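Heads up: the structure comes next, in structure tokens.
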Amino acid sequence: MPSTKEIKNHIKSVGETKKITNAMYLIASTKLQKAKEELDKTRPYFDAIKGEIKRIFRVNNKIDNRYFYPVDGSHDFNGYYGYVVITSDKGLAGAYNQNIIKRTMELINKHNGYKLYVVGEYGRQYFTSHQIPIEKSFMYTAQNPTMHRAREISSILIDAFDKGEIKKIFVIYTDFGGGLTSSVCEERLLPFHRANFISDTNDNLQEQEFMFEPSIDKVLDNTISSYIVGYIYSALVDSFCAEQQARMSAMSSANTNAEKLLDELNRQYNHTRQSDITKEITEISSGARSQKLNLERHKKEL
């Protein structure tokens, strides 16, 4: 059985760890709130862009564009698939990173040719250590998603798609889901299905005439580029929010476990201390009794 000193040291160690996990919980909570506010500020703009794409398809739903499946549904998928994998920079977030990696491995095993575009130090370290080739590793932290970084990622992806180097692009990230049900999802970024932008609303926009300069195809190209930037930015922020939510859950569980361990250690400490006190009392009583017997024996001898 450990001594009271050892138990006290253990209690102190657990208490210090609990302070750290509690601080990490509060930091994650603050970061989560800030990221949600940033996403809420930018979402209306990209919703408006999607609305403009729908407007274009209302005018001409037969338009032929390289970013969409052809009208007849045919497409050449022989070639590389691009996977944008969004992980965090560090652990201590439960199964957040492991779920992303697991889903990525399932996808790349289904298709022979793939190119990985990785965001986050955890993903970079995993794929490098497992000798899985990375096409492009974005060497900035996943802790600070910005529009500039979303534009950089989208520019590289669109360029590879335009050159025919990749036939499909998927984004693998954790959908925040409002904080209720965060889950790993993979979304096809390119090419788009026309059905995603063709509206069945009964308005009179189809009867209105629009002029597109320099051409409807050029306008659609520029609008799609902005839409992809917004999509990637949304995925980055969603992943960041989900990471903070996962970290909050992990730290909350750690705090709960620490409290349970502290309760157990305090009971063990009190039990050990009581045993030590009882042992000392027994030793004192035995010593006193022994001295009393020696004194009586000495008197008899006299």
Side-chain angles (χ1 to χ4, degrees), residues 28 31-32 34-36 38-40 42-43 46 80-111 114-130 132-161 166 168-179 181-190 192 225 227-250:
K31 289 182 177 180
L32 172 61
K34 183 179 179 181
K36 288 172 62 178
E38 291 296 326
L39 183 61
D40 291 339
T42 57
R43 194 183 297 276
F46 296 107
Y80 287 93
Y81 286 4
Y83 297 102
V84 182
V85 184
I86 303 176
T87 64
S88 68
D89 291 323
K90 54 187 178 182
L92 298 177
Y96 172 83
N97 289 301
Q98 289 84 351
N99 290 337
I100 290 287
I101 297 297
K102 179 181 178 181
R103 188 60 186 143
T104 302
M105 296 305 297
E106 291 175 354
L107 289 174
I108 65 178
N109 288 331
K110 290 181 180 179
H111 191 77
Y114 63 87
K115 293 186 178 182
L116 292 180
Y117 300 83
V118 182
V119 178
E121 184 62 28
Y122 190 97
R124 288 192 288 269
Q125 293 291 341
Y126 178 87
F127 293 122
T128 300
S129 63
H130 288 76
I132 300 174
I134 298 175
E135 178 68 18
K136 174 66 176 178
S137 180
F138 300 98
M139 300 303 294
Y140 43 67
T141 176
Q143 296 294 308
N144 185 26
T146 62
M147 286 297 300
H148 174 74
R149 292 169 178 175
R151 290 190 183 95
E152 179 185 351
I153 296 172
S154 64
S155 176
I156 293 173
L157 294 175
I158 292 174
D159 183 63
F161 186 82
I166 47 180
K168 277 187 177 183
I169 300 176
F170 294 87
V171 182
I172 307 170
Y173 68 102
T174 305
D175 183 18
F176 179 55
T181 56
S182 296
S183 59
V184 175
C185 63
E186 72 282 348
E187 297 289 344
R188 188 189 64 256
L189 185 59
L190 287 175
F192 292 109
S225 297
Y227 180 75
I228 292 174
V229 172
Y231 192 99
I232 292 177
Y233 177 72
S234 177
L236 290 172
V237 177
D238 259 349
S239 295
F240 181 71
C241 290
E243 176 194 347
Q244 302 310 316
Q245 182 66 40
R247 184 161 289 113
M248 288 172 62
S249 298

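Bear in mind that the values here come from a model prediction, so they are computed numbers and not experimental data. Heads up: numbering here begins at 1 and tracks the sequence.
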Do the side chain of [X] and the main chain of [Y] share a donor and acceptor less than 3.5 angstrom apart?
{"X": "S154", "Y": "V229", "result": "no"}
{"X": "T174", "Y": "C185", "result": "no"}
{"X": "S234", "Y": "G230", "result": "no"}
{"X": "D175", "Y": "D238", "result": "no"}
{"X": "R151", "Y": "T146", "result": "no"}
{"X": "D159", "Y": "S155", "result": "no"}

Report yes if some heavy atom in the side chain of [X] is under 4.5 Å from a heavy atom in the side chain of [Y]; otherwise report no.
{"X": "F127", "Y": "M105", "answer": "yes"}
{"X": "L236", "Y": "V119", "answer": "yes"}
{"X": "F138", "Y": "V118", "answer": "no"}

The reported gap from CD1 in I158 to CG in L189 (rounded to nearest 0.5 angstrom) is 8.0 Å

Among Y227, F161, Y231, find the residue that satisfies the ring-ring contact (aromatic ring centres under 6.0 Å, His included) test when tested with F192. Y227

Intermediate values then yes/no, ring-ring contact (aromatic ring centres under 6.0 Å, His included), Y114 and Y81: CA-CA 5 Å; Y114 63 87; Y81 286 4; over 10 Å; no

Pairing residues for Y126 by the ring pair (Phe, Tyr, Trp, His ring centres under 6.0 Å) criterion, not counting sequence neighbours: H130

Partner residues of Y173 under the ring pair (Phe, Tyr, Trp, His ring centres under 6.0 Å) criterion, sequence neighbours left out: none

Hey, does the Lys NZ or Arg CZ of K136 hover above the aromatic six-ring of Y117, less than 6.0 Å from the centre and inside 45° of the axis? no

Closest non-hydrogen atom pair between R103 and V184, with its separation: CB-CG1, 3.8 Å

Salt bridge between R149 and E152, side-chain N to carboxylate O under 4.0 Å? no

